Structures are given as C-alpha cells and as structure tokens.
Amino acid sequence: MTVAAETSLSPRKTLTVCGGAHALHDGFTDLLNVLYPLLQAQFGLSYAAVGALKAVYSGAMASGQIPSGWLAGRLGGVNVLAFGTALVAAGYGLAGITGSLYGIVAGLLLAGLGGSTQHPIASTLVSAAFPGLRSRGALGTYNFTGDVGKVALPSLFALLAASFGWRDAMLVTAAIAVTGAGVILATLPSRGGSGASTEARSVAGQDRPWAFWLLFFIHIADSAVRSGFMIFLPFLLRGKGADLPTIGLGLSLMFAGGAAGKLVMGWIGARFGVVTSVVVTEVATTVLILAILPLSLTTSLALLPLLGLMLNGTSSVLYGTIPEFVTVERRTHAFAVFYTGGSVAGASSPFLFGVLGDAIGLSPALACVGGLALVTVPLVAALRPAFRAG
C-alpha cells in the first residue's frame, strides 16, 4: 500500500486532518524554544549545551523521516502518522514525569522520532489528494496550518509553565498529543489501494534532478538561518528585560508573522516568480536581524511579526515548488529527502551557532546567522533556467 493510495478519501478531509496534524506537530516542536531557557536556568546549561539539546530532537527527526516514508508505504500513512503523534506524547510525558536531564534527553529523542512522521507523510497525502496546479494551493494551506500551532502552543506552554512549572506543562502537552493521535485514527482511517490516481499521474511534474537538488540546498541554508535565529531569540529577548510570558509573546509574534508570510509569499511567488520572491525574503531577513539587535524590547517585539514573515515565508515557496521538479512516483521520497535535509540543518545549526555564541557573544553570533541568509541569493538565481524550461 502506498501513501498516495490513501487519497481515495475526501480531499478536503485529508487536508483538514493533515493540517491539524501539522499544527500540533509544529507547535510541539516550537514550544521547546520556551522550554530551553527554563532548562538553562535549572541545570546551568551553556549555549552550546542548549544547542545540543535541540540537536537531539532535530537529529532524531532528521533520521526518522525517510524510514517514516518507507513504513507509510507498508503500514499506511495515517497509521504511521498517528503512531508518531503518540510517540511525541510518550517523549514529552517522560520528560515531565522524570524532571531529570537524562529523562529530558530521552524524551526529546522519542519526541523527535515521533515528529519525523508528520512532514513527509502529510505533505504526500495532501499533494496526492490535490493533483496538478491544485497542489500548490493545498500545500500552501497545509503549510499555513503549521504556523497556527506555532502561534498557539508556545503561548499556552509559556502560560502553563509560568503558572504550574515546566514539568506539568509538558504533561499537559503530552495529553494534547494523545488526543491528536486518537483524532487522526478516528477521523481518517487508513485504506488500501494500488497507488496514485490516474489524475495525479497525468498532471505530474517533470523530473529535473539538478533543479530539485538546487532547491534542496537553498532549503538547507534557509532552515539553518531559521533554526539558528530561533534558538537565540528567547535569550535575546531576556537580555532586553523580557519575562517568561513576554518571551512566549515574542515567539508567538514571530510565528504569527510566519503564518502570514506563508500566505503572502504564496501570492508573491505566483505574481513575481520563485526567484524574485526568495531573494526579497532572504535579503530582508538579513536586514531585519541586524536591525533588531540594538533595539529596545518594545521596538524589537514590534518588528518580530515582519521578521517572522520574511524568515518563514520562503518555505511556502520552496515546498510548493517540489512537485514541479519531481514526478508523482518519486514524490514521497522527494518530500522525505527535502524535509530530512531541513531537519539536519535544524539539528546542526543550533549547536554550531551555540558554540559560536559562547565564543563571541550573543549579538555577534546572531549577526552571523543573518549573514548566512545571503548565501541563498546566488543559489536561487541559478534556478532560473529550470522555470524557463517548464
């Protein structure tokens, strides 16, 4: 049974459930940015140690995505997605129950493996349910739902942690994950089938491996910038005098801007093209990161939605372009490889930038993060021939 075979279900139902799973999993991932400063204070961790914790989670997610696609082809995408959501619950529950650093590391490992199931499986289900040009709009909606979770769950977690402590907040998060797994199974049961629909095959994109790999490396750099900035943002805000709820507010403002960016950049990408839109977002990201460093807390908070728009808006353009360069038969593997690359960047860049931050300080390290965004400009310019060929 293939993942695409499950698209015999209602396309709207597929998009709703996959979008809900995306919201939960992205929220589960990004609430960790609220948790890290609390762990640093309790255990006396360095920036490099905080980066290593994030590397455990991101590394587990990176290593699990291609195997998740393989399992989905044999057990059913919905079944694997539900199991992964339950595994997130187990990991966060373990961290909350034990309260020890070892328990946290083990919990992050389990949660990362559980989180690895969501992106490749849900993206494939959505793109197969909405073949042809409809897939770009459907994937844009799917990407937007992830930012809904990024807005809601970090703020909820920050309020719970401030009121009851981070351990109880982790247990509540685990309960939400268990509920989500049950909803996935009850609402979208797995069904068999032989493969992608005739309609999906007839409108599949052309295989352009060189363009896909160029898009892949742009995604790597973009993910490294995003992950590197997000690991430092709570500490930057704390250095400006922010308390825990204000840090949660700052993260939510970033994610709200990112959600808007995925919608706005979808329109800009269609209107002005992939190359122009990516160049604009990456250059603006560099400018805004450098601008925010010396500003006051209030002014910084005011700029975070715009920075979130630029920092996250690129991803909507990149994900929506994958079907143009890959045929439907290879799409599950392509999504898994693409997301794995982003997860590897997410696993390595926080640690590397954390080491850099320990060596040269927070603000200089953030300036380096901003400068990395400019690496994507010549890469995306090299994609122009692929679009002319299409």
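It should be emphasised that the depicted structure is a prediction, and the values quoted were computed from it without experimental measurement.
- The side-chain heavy atoms of Leu153 and Thr173, taken from C-beta on, include no pair separated by under 4.5 Å.
- In summary, of the residues considered (Ile104, Leu110, Val105), a side chain to side chain contact (heavy atoms under 4.5 Å, CB included) with Leu108 occurs for Ile104 alone.
- In plain terms, the two heavy atoms of Lys150 and Asp26 that are nearest each other are CE-OD2, 3.3 Å.
- Contact annotation: the side chain of Leu383 approaches that of Ile218 to within less than 4.5 Å [non-hydrogen atoms, C-beta and beyond].
- Ring-plane geometry between Phe235 and Tyr47 is classed as perpendicular, the angle between the planes exceeding 60 degrees on a 0 to 90 degree scale with a lower cut at 30.
- Residues Leu318 and Ile220 share a single hydrophobic cluster, defined by chaining ILVMFWY side chains whose heavy atoms lie under 4.5 Å apart.
- Here the straight-line distance linking atom CD1 of Ile66 with atom OG of Ser116 works out to 10.5 Å at 0.5 Å rounding.
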Item to complete: Let me see the working for Leu38 and Leu244 under side chain to side chain contact (heavy atoms under 4.5 Å, CB included), right down to the final yes or no.
Response: CA-CA 9 Å; Leu38 304 180; Leu244 183 59; 4.0 Å; yes
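- Within the 4.5 Å cutoff, the side chain of Leu233 has heavy atoms near those of the Leu304 side chain.
- By the criterion of side-chain heavy atoms lying less than 4.5 angstrom apart, applied directly or through intervening Ile, Leu, Val, Met, Phe, Trp or Tyr residues, Val377 is grouped together with Val275 in one hydrophobic cluster.
- Considering CG of Leu293 and CG of Leu366, their distance stands at 5.5 Å, rounded to 0.5 Å.
- Closest of all the heavy-atom pairs between Asp222 and Arg226 is OD2-NH1, 2.8 Å.
- Closest non-hydrogen pair, Val88 versus Gly115, comes out as CG2-N, 3.7 Å.
- Shown here for Pro120 and Thr117, the closest heavy-atom pair between the two residues is CD-O, 4.0 Å.
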Worksheet item: Can Ile176 and Thr179 be said to form a side chain to side chain contact (heavy atoms under 4.5 Å, CB included), step by step?
Response: CA-CA 5 Å; Ile176 294 172; Thr179 302; 5.7 Å; no
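- Ring geometry for Phe335 against Tyr339 counts as parallel: the plane angle stays under 30°, on a 0 to 90° scale with 60° as the upper cut.
- Transitive grouping of hydrophobic side chains (ILVMFWY, heavy atoms separated by less than 4.5 Å) keeps Trp213 and Val344 in distinct clusters.
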Practice prompt. Show the numbers, then the answer: is there a side chain to side chain contact (heavy atoms under 4.5 Å, CB included) between Glu282 and Leu374?
Written response: CA-CA 6 Å; Glu282 298 293 359; Leu374 298 178; 5.8 Å; no
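- For the 3.5 Å distance criterion, the side chains of Thr246 and Asp243 qualify, holding a donor opposite an acceptor.
- In this structure, His22 and Tyr142 have parallel ring planes: the angle between them is below the 30° cut-off, well short of the 60° mark.
- Val50 and Leu362 end up in the same hydrophobic cluster when Ile, Leu, Val, Met, Phe, Trp and Tyr side chains are linked at under 4.5 Å.
- Contact annotation: the side chain of Asn79 never approaches that of Ile184 to less than 4.5 Å [non-hydrogen atoms, C-beta and beyond].
- Of all the heavy atoms in Leu372 and Ala221, the pair that sits closest is CD2-O, 4.4 Å.
- Here the side chains of Ile292 and Leu236 are in contact, with some heavy-atom distance below 4.5 Å.
- Using a 4.5 Å heavy-atom threshold, the side chains of Phe229 and Thr285 count as separate.
- With a 4.5 Å cut-off on side-chain heavy atoms, Leu31 and Tyr92 count as touching.
- Criterion: ILVMFWY side-chain heavy atoms under 4.5 Å apart, direct or through other members. Under it, Leu94 and Trp166 are not part of a common hydrophobic cluster.
- Among all heavy-atom pairs drawn from Pro234 and Asn33, the shortest one is CG-O, 3.3 Å.
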Item to complete: Test Leu35 against Met170 for side chain to side chain contact (heavy atoms under 4.5 Å, CB included), laying out the working first.
Response: CA-CA 9 Å; Leu35 177 66; Met170 291 294 276; 4.1 Å; yes
